[in-house]
Amino acid sequence: MEPGTDRDEGTEPTLDADFFIRWLDAAAAAVARDADRLTELDAAIGDADHGSNLNRGFAAVTRRLTEKPPNAPGAVLTGAGRTLISSVGGASGPLYGTLLRRAGKELGDAPRVSRVQLAEALRSGVGAVAELGGAGGGDKTMLDALQPAVEGLTRSFGAAATAAEEGALATVPLRARRGRAAYLGDRSIGHQDPGAASSALLIGALADTATRAADDDGHRGNGADRV
Amino acid sequence: MEPGTDRDEGTEPTLDADFFIRWLDAAAAAVARDADRLTELDAAIGDADHGSNLNRGFAAVTRRLTEKPPNAPGAVLTGAGRTLISSVGGASGPLYGTLLRRAGKELGDAPRVSRVQLAEALRSGVGAVAELGGAGGGDKTMLDALQPAVEGLTRSFGAAATAAEEGALATVPLRARRGRAAYLGDRSIGHQDPGAASSALLIGALADTATRAADDDGHRGNGADRV
Amino acid sequence: MKMLINVPERVVEDALRGMAAVHPELTVDVANRVVVRRDAPVANKVGLVSGGGSGHEPLHGGFVGPGMLDAACPGEVFTSPVPDQMVRAAAAVDSGEGVLFIVKNYTGDVLNFEMAAELAAEEGIRVETVTVSDDVALAAGEGSGRRGTGGTLFVERLAGAVAEAGAPLERVTEVARRVADSCRSFGVALAPCSTPARGGPTFDLPEGELELGIGIHGEPGRERRGMMTSGEIADATVDALVNDLRPDEPVLVLVNGMGATPLLELYGYASEVMRALGERSVVPARTLVGDYVTSLDMAGCSVTLCPVDEELLRLWETPVRTPALRWGA
Amino acid sequence: MKMLINVPERVVEDALRGMAAVHPELTVDVANRVVVRRDAPVANKVGLVSGGGSGHEPLHGGFVGPGMLDAACPGEVFTSPVPDQMVRAAAAVDSGEGVLFIVKNYTGDVLNFEMAAELAAEEGIRVETVTVSDDVALAAGEGSGRRGTGGTLFVERLAGAVAEAGAPLERVTEVARRVADSCRSFGVALAPCSTPARGGPTFDLPEGELELGIGIHGEPGRERRGMMTSGEIADATVDALVNDLRPDEPVLVLVNGMGATPLLELYGYASEVMRALGERSVVPARTLVGDYVTSLDMAGCSVTLCPVDEELLRLWETPVRTPALRWGA
Ligand SMILES: Nc1ncnc2c1ncn2[C@@H]1O[C@H](COP(=O)(O)OP(=O)(O)O)[C@@H](O)[C@H]1O
Ligand SMILES: Nc1ncnc2c1ncn2[C@@H]1O[C@H](COP(=O)(O)OP(=O)(O)O)[C@@H](O)[C@H]1O
Ligand SMILES: [Mg+2]
Ligand SMILES: [Mg+2]
Ligand SMILES: [Mg+2]
Ligand SMILES: [Mg+2]
């Protein structure tokens, strides 16, 4: 059973560093699995590298988290953000890196955070992405999945995943105004934005991790504790 | 009716400069028509240019013969040979050029020559080709069509054409020992030599011209006179 | 799509090992992906650093050496490098006179160099950045702005020449910016390229069609048309360039192959470009013909015009000694 | 197959007009197809003339200039030039010191240059001829003999260097012959080329297969194999070279792209070639990486080794100034 969907805030588990590590590992697995699909999407309106870019970056994140796992959610995210910046390159590297770094900084060194706190931290992160890249909603970028995801996350993990997925699909009819796809003008219409698709994967991994944590929680109380 | 096939030598028409010009024009037409086929043959075991090489050369020959038609068979052939040497390039340019120049020189400045005289002149030409290129019969070159053609021509125009055609086809199972096809070693086996194929075209054009001359001769005595 | 590689993941690393093996005049840090001229930092000289995704060779690594770049940072294929590379390069080439970053205008390159500039500044290195956005296939100022393509060669060369002469950072930046602002490029693809990661073409381009206004990353162009002759392509290209910027000075011309177009064809195309320029009263001062800013094995070509006054032309002529551009040395 | 051309029949003429337009340091006779260095005939200097079918650019026109060729005669695509061209070139470059013909060993080239040498001699020009037959894919002395490929670059450069230094015809010929006799090349194709006249590939090469021991005219190779890695290709290539001639001197190395192979891949291949040479105790003295002796848009590569003593290495280093090979000038 997913935390937050059928309980009130007060009884939803809080999230520790281990939860965040498992989230990013799940994200890495999802990216590895879907790398070819992301690259295909990028081939249509970009330069055919988004899948391999993120795969390289998240593999580095997983390595780093395994080697020295941080012990606070904030540190997990800032570390992962720095790793993405140092290993991805391209547009998505600094953007995803900034998303996670800024969110991590917002979380500070609290050992546990709530879903709502995470939502607020990600909201800051998404703001930083918008500022860095100069894009807004509807420009056919990762923001079109991330912005609704943050709103969803204030309600529940499941709502975040659904919103991200819908946001990603909603980029199909849009005309790109930022990033490489913008070079295509009207020819960008009719294709899903690869960054929005990968954002949906990351948020999907978050929701999956929360579901699994809640299930485990029912059995042996692993990682996510009641507040 | 073809001259020489059903008459004895004495009644066969002799060949004047005009006959030689019409032969080379017919050869040019045949080469133009079959250029793609020759190039395809060359693609299989050479460098895919034999058709365009000869086409360029014979077009130049036709132009030259139209501009200033020589008035002796020998001059027609030496001029055509020089033109081929100056316009074809490749292996076939010097070889065909030498064939015609040498044959032309043999014919000297006689205003008319017999078929047998032509056969002897071409025999010298073929010898010069063998000397220049260092090839012999069975090496899978133009010689495999030209040598039997000369023998055939001592009997009749038709026999020359048939022998050239058979000689060209007989190059298929051979392993090339000269020219570009030799680089392929055993992989040259199973393909017809493009130069042998073009030689068959040239000799075929000779026979056709003779046939047409004989026909015309029946009607209005054009070009080929009784000796 | 067959490639002369070991494994797709190691293409850039292998190429850098090759550069290290055959260019003793360069220091190639394969692990950290930085190519530096052997004698860096050169005393009293501004350091020039560029970089970008790989797949455009000889750009940028082939342009490292006296009279051009001090360092290049190659990213993965078609992926901008990461800030760590530029910071390392800046540290390696800074003699105390500061460093100029030359950046092609792609979101990825811009963002990564931006981060690098911040980090380098934190380490006490003076950094200026000049962005090249010369591709007239795109309207200026719209969306992501214009892409940086062939003009980069002229910026790197002319800024490199003035830096080699000992000019201060402000002056080198000014020259680079002037060149970046006045260069114009336009490219055409006859066949798409294939990236090692993808193993196949980045877009479909049927027989009998071409793409006008392509980028250098396998992006499709702005417009697809029926096949054109080399003369027609030259007219369309020169029109696009001259309509955007009618040069009143002589121009340096780059007739650039995208990778798979034979030099025989490229020289034929150059003759049509020269004709088209002449018909529009544009005066070529110097012309380069060859593969300089490529897109892997794409078939096609681009043309770049770089207006020059006497000073820039003089700078162009000064000695340059790099793997891919060399004269007077 | 799309090409950047006007019409197939005019490809060579168009390219020559392009060379004429962009290389003021050359005299390009488009109608007669001769490319001559502008200052020819150079007093007291032996003239060097080469030529062959077009489609191998920059060979030979791109190698005309001080320190290399005095003239080049381009034939039709993959078709040797005609004697008239070589005779004209010889007359244009002969200062009275005589002329050396550098000929790649193909029946067509050999025969046409032979006729030209006779005609030039009739005009009172002293002519020597050196034939390059460096391709170890073929057994020496069999059939048409070995083809001339990448080694031609070394013959043209080293003979050009000694001619530039004022050596007499005998000495220039001797150097050219020594180099021609000791060079070895081996080439591999990953994809065939397409000639303009044919408009499509000259042979079929299915996905997943390559050709070992190819020529530079779109001829298929001696052996077809399943696809190999760049390291495996380097081993096969260096084995073929070293088994034929184990060099006891250092070697000049040419890692040559056939036309469509990206420079990124070629540098990666160069690193494998360097490894393979090292493992077989062959010492590279200098290495060139790039497209020098190409085969239109063929994908693939060749390697040429040219053993050098100190004298040849010194000649190699002297200034050369041609469109495609330039240093020290
Ligand atoms: N200015 C921007 N703001 C937000 N997202 C952007 C921006 N530019 C690009 N993106 C995102 O990055 C994705 C492309 O990432 P990627 O392919 O890894 O980088 P690159 O475009 O450099 O190859 C796009 O699909 C888009 O979602
Ligand atoms: N040494 C030779 N002797 C006789 N004929 C030869 C010789 N070498 C080549 N040929 C002929 O020339 C033909 C090829 O001509 P062509 O394709 O025009 O020239 P190239 O081989 O230079 O491209 C071959 O098919 C062969 O018949
Ligand atoms: Mg991308
Ligand atoms: Mg041929
Ligand atoms: Mg990219
Ligand atoms: Mg040929």
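Naming convention: chains lettered A, B, ... in sequence-line order (proteins, then strands); numbering from 1 in each chain.
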- Item | Closest-packed option against chain A by number of heavy-atom pairs under 4.5 Å, given Leu111(C), Asp109(C), Thr107(C) | Leu111(C)
- Residue among Gly93(A), Ala176(A), Gly46(A) with most heavy-atom pairs under 4.5 Å to chain C: Gly46(A)
- Item | Heavy-atom contact with chain C under 4.5 Å, split by part of Ser87(A) | backbone
- From the list Asp49(A), Asp139(A), Ile45(A), the residue making the most non-hydrogen contacts under 4.5 Å with chain C is Asp49(A)
- Query: Measuring heavy-atom distances to chain A, does Arg33(C) have an atom under 4.5 Å in its side chain, in its backbone, in both, or in neither?
  - Reply: neither
- Query: Under 4.0 Å between a Lys/Arg side-chain N and an Asp/Glu carboxylate O for Arg37(A) and Glu40(A)?
  - Reply: no
- Should the pair Phe113(C) and Phe101(C) be assigned to parallel (<30°), tilted (30 to 60°) or perpendicular (>60°) ring geometry? perpendicular
- Message: Which one wins on heavy-atom pair count under 4.5 Å against chain C: Asp47(A), Thr39(A), Asp36(A), Asp186(A)?
- Response: Asp47(A)
- Message: With a sphere of 6.0 Å drawn around CG of Asn243(C), does it hold more than 12 non-hydrogen atoms of other residues, nucleotides or ligands?
- Response: yes
- Tell me, side chain or backbone of Glu114(C) under 4.5 Å from chain A's heavy atoms, or both, or neither? side chain
- For the pair Arg17(C) and Asp14(C), find out whether any cationic side-chain nitrogen is under 4.0 Å from an anionic carboxylate oxygen. yes
- Task: Tell me, out of Ala91(A), Gly90(A), Gly133(A), who's got the most heavy-atom pairs with chain C below 4.5 Å.
- Result: Gly90(A)
- Decide salt bridge (charged side-chain N to carboxylate O under 4.0 Å, His left out) for Asp244(C) and Arg146(C); before the verdict, give the C-alpha distance in whole Å, the side-chain angles of both, and the deciding distance to 0.1 Å. CA-CA 12 Å; Asp244(C) 195 81; Arg146(C) 287 178 162 174; 2.6 Å; yes
- Message: Any carboxylate oxygen within less than 4.0 angstrom of a Lys/Arg side-chain nitrogen, looking at Asp84(C) and Arg88(C)?
- Response: no
- Query: When heavy-atom pairs shorter than 4.5 Å are enumerated against chain A, which of Asp135(C), Leu138(C), Val110(C), Asp204(C) gives the highest number?
  - Reply: Leu138(C)
- Item | Residue Ser86(A) versus chain C: region with a heavy atom under 4.5 Å | both
- Only counting residues at least two apart or in another chain, list the ones meeting side-chain contact (heavy atoms from CB on, under 4.5 Å) with Arg64(A). Arg82(A), Thr83(A)
- Item | Segment of Arg187(A) engaging chain C (4.5 angstrom heavy-atom cut-off) | side chain
- Segment of Ala181(A) engaging chain C (4.5 angstrom heavy-atom cut-off): neither
- Query: Relative to the ring of Tyr292(C), is the ring of Phe63(C) parallel (under 30°), tilted (30 to 60°) or perpendicular (over 60°)?
  - Reply: parallel
- Could you tell me which portion of Val77(C) (side chain, backbone, both or neither) has an atom closer than 4.5 angstrom to a non-hydrogen atom of chain A? backbone
- Task: Check whether more than 12 heavy atoms from other residues, nucleotides or ligands sit under 6.0 Å from atom CD of Glu131(A), and answer yes or no.
- Result: no
